[in-house]
Amino acid sequence: MMKMKKTAVMLAVACSAALALAGVVHAQQKTMSIGTGGTGGVYYPLGGGLANLLSKNLPGYQATAEVTGGSVDNLKLIGSGQSEVGFSMADAALDAFNGEDKFKGAKVALRTLAVLYPNRMHVVSIEGNGIEKMSDLKGKRVSTGSPGSATEVMAFRVIEAAGLDKDKDMRRERLGVAESTNAIKDGKIDAYFWVGGLPTAAVTDLGATPGVKLKLIDHSDVVAKMNAKYGGIYSEGVIPPKTYPGQDKDNKISVVQNILISNAAMPDQVAYDIVKTFIEHKADLVAVHGEAASIDLANQVTKNSPITWHPGAVKYFKEKGVQM
C-alpha cells in the first residue's frame, strides 16, 4: 500500500513538473500578428501562408493572419503596436511614413522588409452598364473600395487624374472587393475599383457568373498625372487577356508595388529571420497564391520601396548578393 502511495506521489510530482514546463514554454511563445486584407483579395491568402511559415520556422513565435480593411488599416495597426508585420501598397505606406493624407499629423515609424509583387488597379464593370471608358463613370454608382484600404487611396487618385470629382461626379459606395462583386451582380452598383494581384478571386467570380460579360476599363493614360502629383511611384501596366473569364483583350492599367512592412522598433534579428524565412520558403507561398512567384531577390532594391528598409532585411539581402 505504501509503495502504491509513493508511486502516486511520484506521478503527481512528474505531472506537475510537466505542466509547469508546458506553462513556461507557453509563456515564452510570442505572438506575431500579420495585417492582411479582405478575404476576396490576395493579401489574405498570402498572409495566411506567411503566418504558417513563420509559426513553423521561427522558434518561439506563433504567427496569425488578421482580416483587415487593407493597407491603411495595416499601417495603423503597426503604428499602434497591434500588428508586428503587415502588407501594404507603397503609396499608402509613403503617406503613413510622411504623415500625409489619411495619416496627416500622425507619422508611422515604418520599415520595409521586402518588395512583394505589383498591385494592379482594376476598374471593373459589366456589359450593359454603359461604361466603356473612365469618363463614363460620371453619374454612375461606383464603389471606390472599403474604408481603411489602399484601394480607396489609389482609386481617388485615378479618378482625380481622369478629370472626375469623386464626390460630385458619381454616387459612391465604400465596399470591399467581394462585396463590390455581389453588389454589381445584384444591380446595386455599376462599377468598382479594386487594386490587387492577378488573378483576384472576386473578379474571377464576377467574370464566371452566368449571363455576365466582364468589362475592365483602360486607364493607363492617367499615370503621368498621378506621378506628377504623388512622387513617381506609379507605372503603366497590363492585365493580359484571359486573366479573367470573359476578358478577351489587354486591359491597360496603373500599377503600384506591394511591400511587406514592420515597425521600425522590430529587433534586427527578428526582421532578418522573417525575411530569410519568407524568401527561402517562397515555393510554399506560390502554392498558396501564384502572385508569390513575382517575389524576386532582384526586386529587393531601394528604388522599389519609398520607405526606409529595415536593417535586418538589408543584412539578409546583402548576404544574398543584392546590391541595394
Side-chain angles (χ1 to χ4, degrees), residues 25-90 92-93 96 108 110-117 119 146 148-150 176-178 196-197 199-202 257-296 300 305 307 310 312-313 316-317:
V25 170
H26 182 74
Q28 291 175 340
Q29 191 90 347
K30 296 179 182 179
T31 59
M32 182 178 292
S33 172
I34 302 171
T36 64
T39 55
V42 177
Y43 281 1
Y44 182 69
L46 275 186
L50 178 60
N52 288 335
L53 282 180
L54 297 180
S55 297
K56 289 177 183 177
N57 293 284
L58 262 62
Y61 280 93
Q62 181 64 43
T64 57
E66 311 294 344
V67 177
T68 71
S71 297
V72 175
D73 278 358
N74 296 342
L75 292 158
K76 289 178 177 178
L77 289 168
I78 283 178
S80 66
Q82 293 173 266
S83 288
E84 286 70 37
V85 178
F87 290 75
S88 179
M89 281 165 45
V108 180
L110 293 176
R111 294 294 181 265
T112 296
L113 294 176
V115 173
L116 303 175
Y117 60 92
N119 235 11
S146 61
S149 70
V177 64
T200 290
Q257 289 289 339
N258 287 294
I259 55 177
L260 192 68
I261 51 173
S262 73
N263 193 284
M266 176 177 280
D268 290 0
Q269 188 60 49
V270 175
Y272 177 94
D273 291 342
I274 289 172
V275 173
K276 177 181 172 69
T277 301
F278 183 74
I279 296 295
E280 297 186 3
H281 293 83
K282 171 182 161 179
D284 293 328
L285 293 175
V286 174
V288 172
H289 197 286
E291 276 290 13
S294 300
I295 301 166
D296 196 309
Q300 311 305 320
S305 173
I307 311 303
H310 197 293
Y316 174 77
F317 289 127

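Start at 1 with the first residue, then count along the sequence.
Taking both residues in full, the closest heavy atoms of A92 and V72 are given as CB-CG2, 4.5 Å, listed atom of the first, atom of the second, then distance. For S33 against S83, the heavy-atom pair with the smallest separation is OG-OG, 3.2 Å. Between N57 and P59 the shortest heavy-atom distance is O-CD, 3.3 Å. Taking each heavy atom of S262 and H310 in turn, the nearest pair found is OG-CD2, 3.6 Å. Of all heavy-atom pairs spanning V108 and L75, the tightest one is CG1-O, 3.8 Å.
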Can you give the donor-acceptor pairs under 3.5 Å from side chains of residues 268-276 to other protein atoms, not counting sequence neighbours?
from : atom 1 : to   : atom 2 : distance (Å)
Q269 : NE2    : D273 : OD1    : 2.9
Y272 : OH     : E319 : OE1    : 2.5
K276 : NZ     : E280 : OE1    : 3.3
K276 : NZ     : E280 : OE2    : 3.3

Give every donor-acceptor pair under 3.5 Å between a side-chain atom in residues 34-49 and any protein atom, sequence neighbours left out.
from : atom 1 : to   : atom 2 : distance (Å)
T36  : OG1    : E66  : O      : 2.5
Y43  : OH     : M89  : N      : 3.2
Y43  : OH     : N258 : OD1    : 2.4

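Taking Y117 as the reference, nothing meets the ring-ring contact (aromatic ring centres under 6.0 Å, His included) condition, with sequence neighbours excluded. In terms of the side chain to side chain donor-acceptor pair (under 3.5 Å) criterion, S146 has no residue partners (sequence neighbours excluded). The salt bridge (charged side-chain N to carboxylate O under 4.0 Å, His left out) search around E84 returns none, not counting sequence neighbours.
The stretch residues 72-81 participates, sequence neighbours left out, in these side chain to side chain donor-acceptor pair (under 3.5 Å) pairs: T68-N74, S80-Q82.
By the 4.5 Å heavy-atom criterion applied to side chains, F278 and L54 are not counted as neighbours.
A distance of 10.5 Å separates CE of M266 from CD1 of I261, quoted to the nearest 0.5 Å. A distance of 12.0 Å separates OH in Y61 from OG in S55, rounded to the nearest 0.5 Å.
Looking at L116, I307, L113 one by one, the single match for side chain to side chain contact (heavy atoms under 4.5 Å, CB included) with I259 turns out to be I307.
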